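Model, not experiment: these values are computed from the prediction. Numbered from 1 within each chain, the chains take letters A, B, ... in sequence-line order.
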Amino acid sequence: MPEGPSIVILKEFVKELNVEGQTIRKVTGTADLDIKRMQNQKIITFKTWGKHFLICFKDFTLRIHLMMFGSYRINSHKESKPKIGFQFENAEINFYTCAANYIEGNLNEVYDWTADIMGKKWNTKNTIEKLKKEPQAMVCDVLLDQQIFAGAGNIIKNEVLYRTKIQPQSNIRALPAKKLKELVEETKNYAFDFLKWKKANTLKKHWEVYSKKVCPQHHKVTKQELGKNKRVSYYCEKCQKQYN
DNA sequence: AAGGATGTTGCCTG
DNA sequence: TCAGGCAACATCCT
């Protein structure tokens, strides 16, 4: 489910319900949280930041993270009890297998909106500045750093590195300025391609290295756990260059 | 059909 | 003491 673009799709679906400004009739669920707090409260709006789905109330916000296995149903439900579910006068939203937490006060004090790769305030220059502060970092690590590329996940990481022809172990400091800029710009470009393909149900079809055995040039794809986080990197040793 | 994976947190250990 | 490692969470696809 996750990665930023999928959360944007969730937000778009939810906004179509036109429940912003409406009062929640009933909140149900197994979440370890004071869920009754939201009952009879008016929803101001829905937002996203990276992989976070945000339900905003007057003085607080509910943050939902779908993690690896999360799912949701709109105007329907699964057989299992939702982790958290909302009933409106004419609509229903249910979330399963997610992490839910309250954020108190002003969201702008919690979130750096310029970090969200799907957001309006995201910008190349700002992101390059952040990257330059971590010259020793590997590109496979920074692409998963939510403070820099909020919303990027392992699919985006691998596909962007293939597009930009950079091997995942490369260090930031070793990338020529032009290449660094390309890396940053392509992350946003790929994220929006991801959004478009996900909506069309054709995302997997467009994978060039992620979960693939061969790249589009018919070279063998290397699969390796790399970086601080030991997440899997898929890359082509022939098409992608190692910088260091 | 067992194994792996689009993610993150927090506990345990050396 | 604290950073790093790793389990936990929980579901669906291959």
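- Using a 4.5 Å heavy-atom cutoff, the side chains of A/Phe88 and A/Arg25 are not in contact.
- Judged by the 6.0 Å and 45° rule, A/Lys47 forms a cation-pi pair with A/Trp113.
- In this pair, A/Tyr234 and A/Tyr210 present their aromatic rings perpendicular. The plane angle is above 60°, beyond the 30 to 60° band.
- Cation-pi geometry between A/Arg63 and A/Tyr102 is not met: the NZ or CZ atom fails to fall both under 6.0 Å from the ring centre and inside 45° of the normal.
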Under-3.5 Å N/O pairs linking protein and nucleotides 12-14 of chain C:
unit_1, atom_1, unit_2, atom_2, d
C/dC12, OP1, A/Lys78, NZ, 2.8
C/dT14, OP1, A/Lys204, NZ, 3.1

- Message: I need a per-nucleotide contact map over nucleotides 9-14 of chain B, read 5' to 3'. Cutoff is protein heavy atoms under 4.0 Å; write B for the base, S for backbone only, - otherwise.
- Response: ------
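- Side-chain polar atoms of A/Gln242 and A/Ser170 form no donor-acceptor pair below 3.5 angstrom.
- Residues A/Phe149 and A/Val184 form a side-chain contact, since some pair of their non-hydrogen atoms from C-beta on lies under 4.5 Å apart.
- Proximity of A/Ser6 to A/Phe194: side-chain heavy atoms (C-beta onward) are separated by under 4.5 Å at one or more points.
- One side chain, A/Gln169 or A/Tyr235, offers a donor N or O that lies under 3.5 Å from an acceptor on the other.
- Rounded to whole Å, the P atom of C/dA10 lies 25 Å from the corresponding atom of B/dA1.
- No chain of hydrophobic side-chain contacts below 4.5 Å, direct or via other Ile, Leu, Val, Met, Phe, Trp or Tyr residues, connects A/Leu144 to A/Met118.
- Stem regions for DNA chain B, each three or more consecutive Watson-Crick or G-U pairs with both distances under 3.5 Å and listed by first number, read B:2-5 with C:11-14, B:7-14 with C:2-9.
- Between A/His52 and A/Tyr111, the angle of the ring planes goes over 60°, which puts this pair in the perpendicular group of the 30/60° scheme.
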